[in-house]
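Notes follow the structure.
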Amino acid sequence: MYGKHLLLAAGIASLAGCGAHHHLGPYGGHGTSWYAHHVHRAELENKWCDDIPAARQEIRYVKNNCTRSYLGWGAYMRQHHLQIYNDTMG
């Protein structure tokens, strides 16, 4: 009986972690457009990416995630600064 409970607990724990990308930072696992629409979260993700050891930054899935975060943040900034320019030029 103990074995069944242990197996059930392990299954629940694994399901609870399915959507979590904690190994990819505080807001990891999203696409570039998500980061562009959630710029403050992208900034936190970028800080996390900047602070991890260089060897970890080179892991493919970490590198891809950080790249999406940086690109999403950059897309937001380009759009935002273009809008400020258009607003000031009339």
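Side-chain atoms of Gln57 never come within 3.5 Å of backbone atoms of Val62 as a donor-acceptor pair (strictly under, hydrogens ignored).
With contacts defined as side-chain heavy-atom distances shorter than 4.5 Å, the pair Tyr76/His37 does not qualify. Between Glu45 and His38 the shortest side-chain heavy-atom distance does not fall below 4.5 Å.
Between the CD1 atom of Ile59 and the NE2 atom of His23 there is a distance of 9.5 Å, given to the nearest 0.5 Å.
Applying the side chain to side chain contact (heavy atoms under 4.5 Å, CB included) rule to Ala36 yields the partners Ala75; only residues at least two apart in sequence or on another chain are considered. In terms of the salt bridge (Lys or Arg N to Asp or Glu O under 4.0 Å) criterion, residue partners of Asp51 (sequence neighbours excluded) are, by chain and number, Lys47. Under the rule for a side chain to side chain contact (heavy atoms under 4.5 Å, CB included), the partners of Leu44 that lie at least two apart in sequence or sit in another chain are Pro26, Tyr27. With sequence neighbours excluded, the residues satisfying side chain to side chain contact (heavy atoms under 4.5 Å, CB included) with Glu43 are Val39, His40, Trp73, Met77. With sequence neighbours left out, Tyr70 forms a ring pair (Phe, Tyr, Trp, His ring centres under 6.0 Å) with no residue at all. Every side chain to side chain contact (heavy atoms under 4.5 Å, CB included) that Arg68 has, sequence neighbours left out, goes to Thr32, Tyr35, Asn64, Asn65.
Other members of the cluster containing Leu71 do not exist, because no ILVMFWY side chain is joined to it at under 4.5 Å.
Under the disulfide bond (SG atoms under 2.5 Å apart) criterion, the residue pairs touching residues 43-73 are Cys49-Cys66, with sequence neighbours excluded.
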